[in-house]
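Working notes for the structure below.
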Amino acid sequence: MTIANAFDAFTFQAFSLALLQLDPSRLETLQPTLQSISDLASRQPQSAVNQIRQLLDQDSELKSIYDSEYDRLAQSYQTQERAKGFFDSPTSEATLTWDALAFPILQSTDPIKTAKNLLKRTKSKQTANTQPYLNSLQRTIATVEQTEIKILKAIEHHPTSIEDLVYVVGLPINQVSSIIQNLWKRGYIDRATSSFISMLFPQRKKAQQLDPQIPLALTSTGYFFLHPIITASPSEALNR
């Protein structure tokens, strides 16, 4: 697919990066709109762009994240002198294109997981044309992962609420809530008042609005994520 307008291409890319930073419960609410955008993206990209812009006009939090990502992307492409006429010519099927990366994220109910899988599969296929977007994906995922570790370490030492974690990680409460929701869904954390059995054998959960004042604690899954057990191979064990 060819996007004639580079600014529209930036819109898709920046929007996909913004979705990676949204609260999972918000993503669930937006799923009908995101599905509509995804359906239009390959057939009528301009209509999809218009829907994205309408959504941004209605959601100040999403627009704030989007604006930051858009500015970073534009600067990156300009630095590489690729913005002007960048999307004018079609690419061969063998060439990795930005839409092959962005559109699966738009279609996903778990954008973070999708982005990680895409980065693994496309590691050896990077091109100058997609490098700024790939760099932005890697930066966003790395930032989320680093903050996840910092949050889990804080909770490990003492049950901590979302409001307190804001001061621990130095991020706005909406971003902390988004990361907490991802950890919650994966079963890494639970309410500190949950039963011992729930903490020992946690289950993956559906996204839900968590009270920012309720203390959260680490589950066994969260603990082993922080402290993975490394087992040696038989030959390594014999050599010890």
Determine whether Ile141 and Leu119 satisfy the following criterion, side chain to side chain contact (heavy atoms under 4.5 Å, CB included), listing intermediate values before the conclusion. CA-CA 10 Å; Ile141 295 298; Leu119 288 172; 4.2 Å; yes
Tell me whether Phe224 shares a hydrophobic cluster with Trp184, the cluster being built from Ile, Leu, Val, Met, Phe, Trp, Tyr side chains joined at under 4.5 Å. yes
Given the rule that I, L, V, M, F, W and Y join up when any side-chain heavy atoms are under 4.5 Å apart, are Val169 and Ile214 in one cluster? no
Side chain proximity check, [X] to [Y], heavy atoms < 4.5 angstrom:
| X | Y | answer |
| --- | --- | --- |
| Phe225 | Ile149 | yes |
| Trp98 | Phe12 | yes |
| Val168 | Ile151 | no |
| Thr221 | Arg186 | no |
| Lys116 | Arg121 | no |
| Leu118 | Leu137 | no |
| Tyr188 | Asn182 | no |
| Tyr70 | Thr11 | yes |

Just by distance, no angles: are the side chains of [X] and [Y] close enough, under 3.5 Å, to form a donor-acceptor pair?
| X | Y | answer |
| --- | --- | --- |
| Ser36 | Asp39 | no |
| Gln46 | Asn50 | yes |
| Gln35 | Gln107 | no |
| Tyr133 | Ser76 | no |

From [X] [atom1] over to [Y] [atom2], what is the distance, rounded to the nearest 0.5 angstrom?
| X | Y | atom1 | atom2 | value |
| --- | --- | --- | --- | --- |
| Leu101 | Thr114 | CG | OG1 | 12.0 Å |
| Tyr223 | Leu218 | OH | CG | 9.0 Å |
| Ser42 | Phe103 | OG | CZ | 6.5 Å |
| Leu30 | Leu55 | CG | CG | 5.5 Å |
| Leu152 | Leu183 | CG | CG | 5.0 Å |
| Leu34 | Phe15 | CG | CZ | 5.0 Å |

Verify side-chain hydrogen bond (donor to acceptor under 3.5 Å, both in side chains) between Ser64 and Asp67, making sure each step is shown before the conclusion. CA-CA 5 Å; Ser64 176; Asp67 286 343; over 6 Å; no
side-chain hydrogen bond (donor to acceptor under 3.5 Å, both in side chains) evaluation trace for Asn135 with Gln131: CA-CA 6 Å; Asn135 288 344; Gln131 196 62 52; 2.8 Å; yes
So, [X] side chain and [Y] main chain: donor-acceptor pair closer than 3.5 Å or not?
| X | Y | answer |
| --- | --- | --- |
| Ser108 | Leu106 | no |
| Thr147 | Thr143 | yes |
| Ser178 | Leu22 | yes |
| Ser16 | Ala102 | no |

If you measure from the Lys or Arg side-chain nitrogens to the Asp or Glu carboxylate oxygens, is any gap between [X] and [Y] under 4.0 Å?
| X | Y | value |
| --- | --- | --- |
| Glu148 | Lys153 | no |
| Asp110 | Lys185 | no |
| Glu145 | Lys150 | no |
| Asp59 | Lys63 | no |

Quick one: do Leu165 and Ile173 satisfy side chain to side chain contact (heavy atoms under 4.5 Å, CB included)? Show the steps, please. CA-CA 8 Å; Leu165 287 167; Ile173 192 167; over 6 Å; no
Please lay out, stage by stage, how Thr219 and Leu200 fare under the test side chain to side chain contact (heavy atoms under 4.5 Å, CB included). CA-CA 6 Å; Thr219 65; Leu200 189 59; over 6 Å; no
What pairs with Ser194 under side-chain contact (heavy atoms from CB on, under 4.5 Å), at least two apart in sequence or on another chain? Asp190, Arg191, Ser198, Met199
Looking only at heavy atoms, what is the nearest atom pair of [X] and [Y], with distance?
| X | Y | value |
| --- | --- | --- |
| Ser47 | Leu40 | CB-CD1, 4.0 Å |
| Gln51 | Thr33 | OE1-O, 4.0 Å |
| Pro32 | Thr29 | CD-O, 3.5 Å |

Report the C-alpha separation of Gln13 and Glu69 in whole Å, then their side-chain angles, then the decisive distance to 0.1 Å, and conclude whether the side-chain hydrogen bond (donor to acceptor under 3.5 Å, both in side chains) test is met. CA-CA 8 Å; Gln13 294 177 46; Glu69 295 299 341; over 6 Å; no
Before you tell me yes or no, could you show the steps for Ile162 and Leu216 under side chain to side chain contact (heavy atoms under 4.5 Å, CB included), namely the whole-Å CA-CA distance, both residues' side-chain angles and the distance that decides it to 0.1 Å? CA-CA 8 Å; Ile162 292 174; Leu216 302 167; 4.1 Å; yes
Not counting sequence neighbours, which residues clear side chain to side chain donor-acceptor pair (under 3.5 Å) with Ser68? List them please. none
Is Tyr167 isolated, or which residues cluster with it under the ILVMFWY side-chain rule of less than 4.5 Å, directly or via members? none
Which residue is it: Val144, Ile105, Leu27? I am looking for the one with a side-chain contact (heavy atoms from CB on, under 4.5 Å) to Leu20. Ile105
Heavy-atom count check: over 12 atoms from other residues, nucleotides or ligands less than 6.0 Å from His158 NE2? no
